[in-house]
Asker: 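Mind looking over this structure? Questions follow.
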There are 2 protein chains.
Amino acid sequence: MREGPDIARIASLVGDPARANMLSALMGGTALTASELALEAGVSLPTASSHLSKLMEGGLLTLASQGRHRYYGLAGPQVAGMIEAITGVAASVGPQRVRQGPRDSAMRVARVCYDHLAGEQAVAMLDRFVEKEIILRNDQEIRLGPSAASHFAAIGIDVDAKPRRPVCRACLDWSVRRSHLAGTLGAAILDKILAQKWARREKDSRAVIFSPPGKQAFEKVFLA
Amino acid sequence: MREGPDIARIASLVGDPARANMLSALMGGTALTASELALEAGVSLPTASSHLSKLMEGGLLTLASQGRHRYYGLAGPQVAGMIEAITGVAASVGPQRVRQGPRDSAMRVARVCYDHLAGEQAVAMLDRFVEKEIILRNDQEIRLGPSAASHFAAIGIDVDAKPRRPVCRACLDWSVRRSHLAGTLGAAILDKILAQKWARREKDSRAVIFSPPGKQAFEKVFLA
DNA sequence: GCGACGTTTCGACCGTGCTCGAACCATCGA
DNA sequence: TCGATGGTTCGAGCACGGTCGAAACGTCGC
């Protein structure tokens with residue numbers, strides 16, 4: 001009989017379809033209300049509420065009360081990373097539910113992954129960084145190249161600020177099955193894309209829709 | 001209703017205590033038989049067999065038949081990484097089951113984590129590498145320093161060989177709550193420790209026991 | 001060939017936990 | 001103070017899945 005952290009408890013929390021759907025929805029990075037999550041998971045409000053209290057008790061969610069709205073969000077990057085890891089395994093062992101990647105083609109092109117960009121666009125962007133040696137890649141392991149600081153400074157992103165999270169991390173893209181850029185750098189780039197209004201978040205989805213001029217601008221800056 | 005990889009299916013496989021125990025046992029890196037896993041999980045043989053076939057069907061395990069013995073092992077590093085991620089979350093949100101880290105003090109000192117060394121010794125080793133700038137760390141993100149190749153070559157480990165897996169990865173240690181060294185470099189170091197007979201694997205456990213001269217040799221080479 | 005051993009399959013039992021309707025609370029706007 | 005809306009709690013129903021004993025299966029030693 002093994003000891004140590006109660007991994008079955010955590011895994012079983014994610015192991016229910018309704019809760020898994022909620023957690024996937026929260027991978028969008030924005031906190032959601034109980035009713036939104038109930039809709040997302042396809043269950044009634046009481047059921048959703050029960051699930052949410054279980055996820056709270058398990059420490060997987062945080063709760064921010066604002067008046068009569070209660071916003072649930074992922075408890076942090078560690079939890080997001082776990083969901084990502086499970087998603088990766090699920091994608092690689094079971095391509096049975098959906099042909100290849102997300103059904104929605106917009107999702108396949110570009111979507112939010114917790115706090116950074118994922119999808120074909122994101123994979124292409126990382127590839128381009130590697131080609132230009134702004135980022136150095138050794139398979140799954142990536143790091144900033146010597147020219148990274150000046151390159152990103154030129155477009156208004158500071159990679160020298162050293163927060164608690166890694167600046168530059170690889171994140172396996174489950175639709176394309178290749179890596180894209182995560183970490184604070186990935187988050188900063190997504191912020192820029194949205195701040196410049198090059199793209200907007202699709203309502204009730206993780207999809208990120210580029211406007212035609214936005215797409216051009218994005219490609220000029222990040223894929224040139 | 002969300003689409004995409006069936007994450008609930010995978011998570012619920014890990015979410016059963018018996019199966020979680022089996023998977024934890026297999027994190028030791030060696031393949032085990034059905035009876036060993038039944039013992040490990042504390043269930044009867046038929047029950048264990050049923051669980052194993054579910055894990056197989058879910059793609060989490062591989063099976064190697066050798067005569068009348070059937071050895072089950074983790075399906076690969078991706079699966080191991082997922083278990084690690086879940087263990088990390090479980091350790092950080094719920095220190096309720098066991099005071100602090102593994103009950104067995106030997107486990108706390110040194111143990112196997114899939115294919116590399118974990119525990120206090122492993123954390124100390126990575127710290128020392130960082131101190132000597134053989135490995136460069138930016139929080140969770142680590143990479144080889146310029147002197148790494150020559151340093152490890154001197155002790156018979158080649159870090160230039162580039163296999164499919166990352167050479168150098170950080171892995172959060174759930175007993176110490178700090179990172180230790182994973183990746184092929186971590187695996188190579190564990191191999192060396194066992195090949196040199198500095199330490200032996202504890203039977204039926206992930207614990208790694210150093211002999212007194214072995215400990216000295218290890219400290220001389222890796223902690224000096 | 002025939003026992004011995006490791007492993008899987010079958011069948012039946014039982015409990016955990018998911019589910020929803022209805023009632024109950026709390027917060028906001030008039 | 002009163003309705004309206006967002007959210008939780010309670011209770012009962014129900015099904016899925018974990019559990020084990022007994023039996024069947026396959027492989028190895030003699």
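Letters A, B, ... mirror the listed sequences (proteins, then strands); counts begin at 1.
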Asker: Could you work out, with side-chain hydrogen bond (donor to acceptor under 3.5 Å, both in side chains) as the rule, every residue matching B/Ser44, not counting sequence neighbours?
Answerer: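 B/Ser44 satisfies side-chain hydrogen bond (donor to acceptor under 3.5 Å, both in side chains) with B/Thr47 once adjacent residues are dropped.
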
Asker: For a quick test of reading the model, state the closest non-hydrogen atom pair linking A/Arg19 to A/Leu13 and the distance between them.
Answerer: NE-O, 2.6 Å

Asker: Which nucleotide in the set D/dT8, D/dG18, D/dT19 lies at the smallest distance from any side-chain heavy atom of B/Arg19?
Answerer: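 Within the option list, the nearest is D/dG18.
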
Asker: Taking only the side-chain nitrogens and oxygens of B/Arg70, find out if one of them lies under 4.0 Å from OP1 or OP2 of C/dT8.
Answerer: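 True: B/Arg70 side-chain N/O within range (under 4.0 Å) of C/dT8 OP1/OP2.
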
Asker: Can you tell me which nucleotide in D/dT19, D/dT8, C/dC20 comes closest to the side chain of A/Ala34?
Answerer: D/dT8

Asker: Report which part of the nucleic acid A/Tyr72 touches: base, sugar-phosphate, or nothing (heavy-atom distance under 4.0 Å, all strands).
Answerer: sugar-phosphate

Asker: Atom CG of A/Asn21 to atom C1' of C/dT19: distance rounded to whole Å?
Answerer: 15 Å

Asker: Taking ring-ring contact (aromatic ring centres under 6.0 Å, His included) as the definition, give me every residue that meets it alongside B/Phe210, ordered by chain and number, with sequence neighbours left out.
Answerer: B/Phe218

Asker: Given D/dT9, C/dT7, C/dT8, identify the nucleotide with an atom nearest to the side chain of B/Pro46.
Answerer: C/dT8

Asker: What is the distance, to the nearest angstrom, from the OH atom on A/Tyr71 to the C1' atom on C/dT27?
Answerer: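 Whole-Å distance recorded here is 14 Å.
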
Asker: Rounded to whole angstrom units, what separation is found between the CG atom of A/Leu63 and the P atom of D/dT8?
Answerer: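 In whole Å, D/dT8 P and A/Leu63 CG are 8 Å from each other.
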
Asker: Could you identify which residues of residues 47-56 of chain B place a heavy atom less than 4.0 Å from some atom of DNA chain D, listed by residue number, or say none?
Answerer: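 Residues of residues 47-56 of chain B that come under 4.0 Å of DNA chain D are, in numerical order, B/Thr47, B/His51, B/Lys54.
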
Asker: Give the table of side-chain donor-acceptor pairs shorter than 3.5 Å for residues 53-62 of chain B, with sequence neighbours excluded, one pair per line with atom names and distance.
Answerer:
from    : atom 1 : to      : atom 2 : distance (Å)
B/Ser53 : OG     : B/Ser50 : O      : 2.8
B/Thr62 : OG1    : B/Gly73 : O      : 3.4

Asker: Which residues satisfy the salt bridge (charged side-chain N to carboxylate O under 4.0 Å, His left out) test with A/Lys192, sequence neighbours excluded?
Answerer: none

Asker: Of all residues at least two apart in sequence or in a different chain, which pass the side-chain hydrogen bond (donor to acceptor under 3.5 Å, both in side chains) check with A/Thr33?
Answerer: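 side-chain hydrogen bond (donor to acceptor under 3.5 Å, both in side chains) list for A/Thr33, sorted by chain: A/Glu36.
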
Asker: Suppose we screen for side-chain hydrogen bond (donor to acceptor under 3.5 Å, both in side chains). Which residues come up paired with B/Gln216, at least two apart in sequence or across chains?
Answerer: none

Asker: Output the rounded distance in Å from CG (A/Leu32) to P (D/dG7).
Answerer: 11 Å

Asker: In whole Å, what is the span from the CE atom of B/Met22 to the C1' atom of C/dT7?
Answerer: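 Going from CE in B/Met22 over to C1' in C/dT7 covers 13 Å.
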
Asker: Between the axis at one end of the helix from C/dG1-D/dC30 to C/dA30-D/dT1 and the axis at the other (five pairs apiece), what's the angle to 10 degrees?
Answerer: 30°

Asker: About how many Å separate CD1 of A/Ile189 and CD1 of A/Ile155, when rounded to the nearest 0.5 Å?
Answerer: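 With rounding to 0.5 Å, CD1 (A/Ile155) is 6.5 Å from CD1 (A/Ile189).
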
Asker: List in chain and number order the residues that pass ring-ring contact (aromatic ring centres under 6.0 Å, His included) with B/Phe152, two or more places apart in sequence or in another chain; answer none if no residue qualifies.
Answerer: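 Residues passing ring-ring contact (aromatic ring centres under 6.0 Å, His included) with B/Phe152: B/Phe129.
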
Asker: Identify which nucleotide among C/dT8, D/dC20, C/dG21 has an atom closest to any side-chain atom of B/Leu45, counting heavy atoms from C-beta outward.
Answerer: C/dT8

Asker: Given atom CG of A/Asp16 and atom C1' of D/dG17, what is their separation to the nearest angstrom?
Answerer: 13 Å

